[in-house]
Structure formats: C-alpha cells, structure tokens
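Inspection log for the structure reproduced underneath, given as structure tokens.
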Amino acid sequence: MNEPDLAALFGAAGVTGWLHATDLRSGREIGLGSDVPLPTASMFKVPLMVEFCRQADAGLLDPASRVTVGAADRVTGPTGLCAMLDDVTISLRDLGHLMITLSDNTAADALLARVGREEINAMLDGFGLRETRVRQSCRDIYESMAEDAGHGWPYLEPEDIARLRVLDPPRANSATPRETTTLFGLIWRDQAASAESCAWMRNVLNLQVWPHRLASGFPYDDVEVSGKTGTLPTLRNEAGVIEYPDGGQYAVAVFTRSVSTALNQPRADAVIGTAARMAVDHLRR
C-alpha cells in the first residue's frame, strides 16, 4: 500500500512538515521525519501536565490547593489569566485545565513553578523520551525572543527569526514527532500516571478550544479530536489523539515551519489537519 506523499502536501501549503502517527491498538505507524528533534512551543505544556499529575498521584502536591496569581505573575498571551486585570485565586488543577484548553501561558508558568523543570525532564527520561526536553518557561520564551531580535512582538523579518533561540531545538523546549505520539499513547493507555489522572488529562485535552489545525481534518460529530497546539514565529504544531466510533485510536503529531513570516497563514494551519487525516486514513486501510 502506497503511503501518502506528505512532503508534497506540506510543500504545497508553503511549509516544511514533520509527522508521526500511530495506531494505538495495532502499533502500525506512518511518519515523515519522525525522529527529528523540533521546537515544541506550547506543546511543552503536555509533559508539564503529566508530571503535575504524577506528583499529585504521589502525594507531593494537592491538586486542589490554591494559589493567587497577580500582576507580577502574568506572562504575555491573549488567553485566560494572561488577559486578566485583577488577581486570581485558583487551584493547581484548574491552572492545568487553563494551560491546555486555552494554552494559557500564565497558568502554565504558575504550574511549572510548582512542578519543576528538572522533575519533568527526569520523568521524560524515565519513559525513554530523551529528545523531549522542557528548558524554558513561557516567560523565558517571550523574553528570549525580545532579547534575540532586539525588539518586542511581532517578529516578521527573516533576520530576526533566524536569531530566535526558541526555534533552535537544542536551546528550546523540544521533542520529536515519535516521542510526542509516544507520550500521548501513555496517557491514553493509563500508563503516564494513575488511571484517574490519565482520564482527567484525556478530558482536558479533549476540551482544547482551537478547531483550525488537527480538528479541521476530522469534521465529523462521531470522531473525537483531543490535542494541544503550539505556535511561535513561522512554527505551527499540534499533537493529539483521534478516536473513531469503532474504537480506533490514533496518536498524531504534526510539526511545521513556514517559509513566510506572516502571522496569519490559514493554509499552514489547515495542512496540519489534512496531513493528519491522510495519515490516519492510511493506518485505517
């Protein structure tokens, strides 16, 4: 059976793409550059969520404990606590909910401060995910871009983008497509944390509000799409799990880098869904 020409598909959308998809029941897989380390952008919030749950399972933190997030804690971003004008008191568990469903950067950094980067990376090592690293908080990401470019958002000049360390995998939050689908598989098989915690993670990932990437490839009422996006200049990613009514479950990770530096690129967003659908269709044949 011929595999779809994913490279041509990505090229027609003006991006370079990398993909890994796997059938969580049979283990069949398809990929393009599956083992290339790539910057994850906000997808680093998934391993952060996993380690948060594992620490909660171990009794190292109480997911219902409350923290107050004030003006000094706010991080750049258009969603959730980032956009609030007043102090917010919220549970750790609800910080996790906001950082996944809305990709709330302030919520992510508040949770990261409690969970710890070294602890996340040690967890990843334990699962054999040695190319998946959390090196930067959201605040680090935005401050490093301003420092590297010499000015604030937006970053539209190729010369500026070439200097951004957040786009350089050894210095950024990074992963490979294969390791990303592996982590999602662990969540879906109740192996990433306790069964109760994995069920919570699956539910939160299913509530992500963005429909323009993975979900755009599966516009059906009976197909569930759960995932997490990631976005930085020229970079658009999403990874998640596609679930069919016949019980089929497919973990998919799609990473892209665009030729254009424009902020709005509907074709680059849409090709993530199209590529994922083609990969899943291939696995279902």
Side-chain angles (χ1 to χ4, degrees), residues 16-20 33-54 75-77 79 82 95-96 98-100 102-149 153 155 161-184 186-187 192 201 205 208 210 213 227-240 253-258 272:
T16 301
W18 301 262
L19 176 148
H20 188 256
S34 296
D35 298 310
V36 177
L38 299 161
T40 53
S42 280
M43 292 199 310
F44 88 89
K45 295 166 186 172
V46 177
L48 168 54
M49 175 179 63
V50 171
E51 178 57 17
F52 162 69
C53 286
R54 290 172 64 85
V75 182
T76 300
T79 60
C82 301
L95 288 174
L98 289 176
M99 80 170 180
I100 297 296
L102 301 182
S103 203
D104 183 333
N105 292 334
T106 298
D109 276 12
L111 196 62
L112 180 62
R114 185 64 64 92
V115 170
R117 297 178 222 194
E118 291 183 4
E119 288 77 5
I120 297 170
N121 291 326
M123 173 272 295
L124 293 165
D125 284 341
F127 285 125
L129 306 177
R130 299 188 181 278
E131 296 292 347
T132 305
R133 295 292 96 174
V134 174
R135 300 181 176 95
Q136 297 176 301
S137 67
C138 294
R139 186 180 299 278
D140 293 336
I141 288 170
Y142 281 93
E143 289 183 350
S144 74
M145 287 195 292
E147 181 180 336
D148 294 341
W153 189 271
Y155 306 102
I161 288 170
R163 290 193 289 267
L164 300 183
R165 75 192 83 163
V166 296
L167 302 178
D168 181 24
R171 298 186 292 169
N173 296 333
S174 63
T176 68
R178 187 190 306 276
E179 288 195 359
T180 302
T181 60
T182 298
L183 186 59
F184 274 90
L186 292 169
I187 296 170
M201 288 190 278
L205 288 160
Q208 182 189 228
W210 316 120
R213 291 182 181 167
K228 182 70 197 76
T229 62
T231 308
L232 283 170
T234 71
L235 185 154
R236 290 162 180 81
N237 302 335
E238 188 165 0
V254 185
F255 293 67
T256 72
R257 287 289 302 274
S258 63
I272 292 174

- Task: For the residue pair F44 and S174, establish whether any side-chain heavy-atom pair is separated by less than 4.5 Å.
- Result: no
- When you check the gap from the basic side-chain N to the acidic O, do D109 and K45 get nearer than 4.0 Å? no
- Going by an N to O cut-off under 4.0 Å, is there a salt bridge joining D148 and R171? no
- Item | Evaluation steps, side chain to side chain contact (heavy atoms under 4.5 Å, CB included), between D125 and R133 | CA-CA 9 Å; D125 284 341; R133 295 292 96 174; 2.7 Å; yes
- Task: May I ask you to decide if M43's main-chain N or O and T40's side chain share a donor-acceptor pair within less than 3.5 Å?
- Result: no
- Heavy-atom side-chain contact between R135 and R117 under 4.5 Å: no
- Item | Matching residue for T231 among R213, E238, R236 - test: side-chain hydrogen bond (donor to acceptor under 3.5 Å, both in side chains) | R213
- Task: Determine whether I120 and L124 make a side-chain contact, defined as any pair of heavy atoms from C-beta on separated by less than 4.5 Å.
- Result: yes
- Message: Working note: T229 + Q208, criterion side chain to side chain contact (heavy atoms under 4.5 Å, CB included); need CA distance, chi angles, decisive distance, verdict.
- Response: CA-CA 9 Å; T229 62; Q208 182 189 228; 3.4 Å; yes
- Mind checking whether T176 and R130 have side chains closer than 4.5 Å, heavy atoms only? no
- Evaluate the side chain to side chain contact (heavy atoms under 4.5 Å, CB included) criterion for residues T256 and I272: first the C-alpha distance (whole Å), next the side-chain angles of each, then the deciding distance (0.1 Å), finally the verdict. CA-CA 8 Å; T256 72; I272 292 174; 4.0 Å; yes
- Do you know which two heavy atoms are closest between M201 and C53, and how far apart they sit? CG-SG, 3.7 Å
- Message: Checking E119 now: which residues fulfil side-chain contact (heavy atoms from CB on, under 4.5 Å) with it, not counting sequence neighbours?
- Response: E51, Q55
- In Å, rounded to the nearest 0.5 Å, how long is the span from CG of N237 to OG of S42? 9.5 Å
- Identify which one of V134, T132, V166, L232 satisfies the side chain to side chain contact (heavy atoms under 4.5 Å, CB included) criterion when paired with N173. V134
- Inter-residue atom distance Y155.OH - I161.CD1, 0.5 Å rounding: 10.5 Å
- Step by step, work out the salt bridge (charged side-chain N to carboxylate O under 4.0 Å, His left out) result for R165 and E147. CA-CA 10 Å; R165 75 192 83 163; E147 181 180 336; 3.4 Å; yes
- Query: When rounded to the nearest 0.5 angstrom, what is the spacing between CG in L98 and SG in C82?
  - Reply: 9.5 Å
- Can you name the nearest heavy-atom pair linking T181 to A253, along with the distance? CG2-N, 3.5 Å
- Query: With a 4.5 Å heavy-atom cut-off, do L38 and L235 have their side chains touching?
  - Reply: no
- Message: How long is the straight-line distance from NZ of K228 back to CD1 of I100, given to the nearest 0.5 Å?
- Response: 6.0 Å
- Query: Would you say E179 and H20 make side-chain contact, with heavy atoms under 4.5 Å?
  - Reply: no
- Message: Quick check against the 3.5 Å criterion: does N105 have a side-chain atom that pairs as donor or acceptor with the backbone of T76?
- Response: yes
- Do R257 side-chain atoms and G17 backbone N/O form a donor-acceptor pair below 3.5 Å? no
- Task: Working to the nearest 0.5 Å, report the span between CG of L48 and SG of C138.
- Result: 9.0 Å
- Note on the structure: F184 meets the ring pair (Phe, Tyr, Trp, His ring centres under 6.0 Å) criterion, sequence neighbours left out, with none
- Over all heavy atoms of both residues, which pair between D104 and A107 is shortest? Give the atoms and the distance, please. OD1-N, 3.0 Å
- Note on the structure: Here the gap from Q136 atom CD to E143 atom CD, rounded to the nearest 0.5 Å, amounts to 10.5 Å
- Are any non-hydrogen side-chain atoms of F127 and T182 less than 4.5 angstrom apart? no
- Are the side chains of W18 and S34 in touch, meaning some heavy atoms are under 4.5 Å apart? no
